[in-house]
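What follows is one structure encoded as structure tokens, with my remarks underneath.
By convention here, the first residue in the shown sequence is residue 1. On a predicted model such as this, the values are computed, not experimentally measured, just so you know.
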Amino acid sequence: MKVFSSSNEESLSRKLIEKFHLSEQLNIIRAGVLGANDGIVSVAGIVIGVAGAHQGQLALFIAGLSGMLAGALSMGGGEYVSVSTQRDTQRTMTQIQNERIQSDYEDELKGLALHYEHEGLTPPLAKKVATQLMENDALNVTLKAKCNIELSHYFNPWHAAISSFFSFMMGSLLPLLSITFIPYPYKVPGTIAAVVLALTLTGYTSATLGNSDRVKGVLRNLLLGVGTMSVTYLIGGAFG
């Protein structure tokens, strides 16, 4: 039988908060990795396609720079809208949960006790813990148990937007600088080699963050990137 002391309660509460804060941090990192990966693939596809059309150095640079700025703004804006929607949902759930507590406190108490039973506590102990926690902070504890939401600590859309914007810019710099400064006739193969190296890194990073197979993550990333560059190069060559 598990013993649940006041120190255990504090430890449980602290772990829940840390888990939530970690989820927000991972969301920002995810936006950064995704932005960097999109920056690499998108701008590489643009400049390789323009190179395939046998355009001059200035045209390559302008196309790459335009793609970098447009993509960064699009990624940052998309993250802002997406996380803003998520934050609005968190606020709505908080309001709904507060209304439920006001209208049917006993039912919420039973639900919380049942939650702790599923976590492994005996029914009498689960009821005792739920009663104590509800008396201390009913809204906060039920939100954590039901929705994993921490009061006054919603996801910040600006964090994800800024992370995505600047990571896209950083990722897109590699293909832009490669296609600009690598001399002919090594411009295209040199850029592809640099992009393959970068995609390997971002694929490994994203797989590590998701605790998934690293090899599959890298191969999936390379397939997408090389496929994009191949298609745009062929299209550029058809019009060149």
Side-chain angles (χ1 to χ4, degrees), residues 26-83 157 159-210 212-240:
L26 290 177
N27 186 54
I28 295 171
I29 296 173
R30 175 203 58 80
V33 173
L34 180 61
N37 198 67
D38 278 2
I40 295 167
V41 175
S42 300
V43 175
I46 291 172
V47 296
I48 292 294
V50 176
H54 304 289
Q55 298 297 311
Q57 190 75 15
L58 181 60
L60 282 172
F61 181 76
I62 292 175
L65 183 63
S66 300
M68 179 177 70
L69 293 175
L73 290 170
S74 176
M75 283 293 297
E79 284 291 341
Y80 180 82
V81 171
S82 175
V83 179
H159 291 167
I162 292 172
S163 174
S164 184
F165 176 86
F166 283 106
S167 61
F168 188 100
M169 296 279 284
M170 294 298 295
S172 61
L173 279 176
L174 178 65
L176 178 60
L177 294 177
S178 299
I179 205 71
T180 300
F181 293 106
I182 294 178
Y184 286 106
Y186 310 106
K187 189 176 291 293
V188 172
T191 300
I192 292 175
V195 168
V196 166
L197 179 62
L199 290 176
T200 300
L201 178 61
T202 56
Y204 183 87
T205 302
S206 61
T208 301
L209 289 175
S212 58
D213 190 287
R214 274 73 166 175
V215 175
K216 288 183 179 180
V218 170
L219 291 178
R220 189 164 49 232
N221 219 29
L222 289 176
L223 181 63
L224 173 64
V226 173
T228 299
M229 290 187 290
S230 300
V231 170
T232 56
Y233 185 78
L234 291 173
I235 293 175
F239 287 95

Distance (rounded to the nearest 0.5 Å) between [X] [atom1] and [Y] [atom2]:
| X | Y | atom1 | atom2 | result |
| --- | --- | --- | --- | --- |
| Leu224 | Leu219 | CG | CG | 12.5 Å |
| Leu176 | Met169 | CG | CE | 10.0 Å |
| Ser167 | Glu79 | OG | CD | 8.5 Å |

Side chains of Leu197 and Leu201, heavy atoms from C-beta outward: is any pair under 4.5 Å?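 Sidechains of Leu201 and Leu197: no contact.
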Verify, without hydrogens or angle tests, whether Ser82 (side chain) and Gly78 (backbone) share a donor-acceptor contact under 3.5 angstrom.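 No, because the side chain of Ser82 does not come within donor-acceptor range (under 3.5 Å) of the backbone of Gly78.
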For Ser164 against Gly76, the heavy-atom pair lying closest together: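 Residues Ser164 and Gly76, closest heavy atoms: OG-N, 4.1 Å.
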Least distance between heavy atoms, Pro175 atom then Thr191 atom: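 Looking at all heavy atoms of both residues, the closest pair is O-CG2, 4.0 Å.
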Please tabulate, for the side chains in residues 32-51, all donor-acceptor contacts under 3.5 angstrom to protein atoms that are two or more places apart in sequence or on a different chain.
from, atom 1, to, atom 2, distance (Å)
Asn37, OD1, Thr202, OG1, 2.7
Asn37, OD1, Asn221, ND2, 2.7
Asn37, ND2, Asn221, OD1, 3.1
Ser42, OG, Asp38, O, 2.8

Show the atom names and distances, to 0.1 Å, of all donor-acceptor pairs under 3.5 Å that link a side chain in residues 56-73 to residues at least two apart or in another chain.
from, atom 1, to, atom 2, distance (Å)
Gln57, OE1, Lys187, NZ, 3.1
Gln57, NE2, Thr180, O, 2.2
Ser66, OG, Ile62, O, 2.8

Not counting sequence neighbours, which residues clear side chain to side chain contact (heavy atoms under 4.5 Å, CB included) with Leu222? List them please.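 Applying side chain to side chain contact (heavy atoms under 4.5 Å, CB included) to Leu222 gives Val196, Leu199, Thr200, Val218.
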